[in-house]
Amino acid sequence: MDELLEILEDINPDVDYETETRLIDGKVLNSFSIITLVSNIQEEFDIEISPAYLVPENFNSVDAMWAMIQMIQEEDE
């Protein structure tokens, strides 16, 4: 999860990602940030995030993102 936190902090270092649970709903991340985030996650974790996973619930918190990443990795096994 450290890699994910590093990606997020590179995008916006002013956010406490470990406690924030409304990254999308609270408009903490904008559309450009989300595009960058998805691209960086795919590259870092060698996964492809399909459109089915591109829902706010999967990006509202670092825990939700981490769960999504793990789910995709398990599907790829």
Side-chain angles (χ1 to χ4, degrees):
M1 184 178 315
D2 291 337
E3 300 94 339
L4 177 57
L5 284 169
E6 190 174 312
I7 290 168
L8 288 164
E9 288 169 2
D10 284 345
I11 291 171
N12 187 346
D14 298 330
V15 177
D16 182 1
Y17 290 103
E18 295 190 47
T19 60
E20 181 62 60
T21 59
R22 295 179 40 84
L23 293 171
I24 302 298
D25 294 341
K27 296 182 175 39
V28 175
L29 296 175
N30 62 31
S31 57
F32 180 74
S33 298
I34 296 165
I35 291 168
T36 302
L37 175 61
V38 169
S39 175
N40 290 343
I41 288 173
Q42 290 182 131
E43 185 176 320
E44 177 68 32
F45 295 97
D46 194 30
I47 60 173
E48 184 168 329
I49 300 174
S50 70
Y53 286 104
L54 296 176
V55 294
E57 296 81 28
N58 287 339
F59 292 91
N60 260 329
S61 71
V62 69
D63 290 332
M65 286 181 242
W66 187 244
M68 175 193 66
I69 290 166
Q70 291 180 312
M71 193 176 339
I72 293 169
Q73 287 174 329
E74 288 174 12
E75 288 175 1
D76 289 346
E77 290 179 0

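All residue numbers in this chain count up from 1 along the given sequence.
Side-chain contact between E44 and L4 is absent, with no heavy-atom pair separated by less than 4.5 Å. In this structure the side chain of D2 never reaches within 4.5 angstrom of the side chain of E6, judged on heavy atoms. Between I47 and D76, the closest side-chain pair of non-hydrogen atoms falls below 4.5 Å.
With values rounded to the nearest 0.5 angstrom, I24 atom CD1 is found 10.0 Å from S31 atom OG. Here CG of L29 is found 9.5 Å from CZ of F59. Values are rounded to the nearest 0.5 Å. D10 contributes atom CG, which lies 11.0 Å from atom CG of L5 (distance to the nearest 0.5 angstrom). Interatomic distance, M1 CE to M65 CE, rounded to the nearest 0.5 Å: 10.0 Å. Between the CD atom in Q42 and the CD1 atom in I69 there is a gap of 10.0 Å [rounded to 0.5 Å]. Distance check, rounded to the nearest 0.5 Å: CG of N58 to CD1 of I49 gives 8.5 Å.
When the side chains of ILVMFWY residues are joined at heavy-atom separations under 4.5 Å, either directly or via intervening members, I41 and M71 end up in a single hydrophobic cluster. Two different hydrophobic clusters hold V55 and V38 under the rule that ILVMFWY side chains link at heavy-atom gaps under 4.5 Å. The hydrophobic cluster containing I35 does not contain I11, counting ILVMFWY residues as joined when their side-chain heavy atoms lie under 4.5 angstrom apart, directly or transitively.
Enclosure of atom CG in D46 is not indicated, since only 12 or fewer non-hydrogen atoms of other residues, nucleotides or ligands lie within 6.0 angstrom. Crowding of E75 atom CD: a count of heavy atoms from other residues, nucleotides or ligands under 6.0 Å exceeding 12.
Although no hydrogens or angles enter the test, the distance criterion places a donor-acceptor pair under 3.5 Å between the side chain of N60 and the main chain of D25. A donor-acceptor pair is defined here as one N or O able to donate and one able to accept, closer than 3.5 Å; no such pair exists between the side chain of Y53 and the backbone of M68.
Across every non-hydrogen atom of E9 and Y17, the tightest pair is N-CE1, 3.9 Å.
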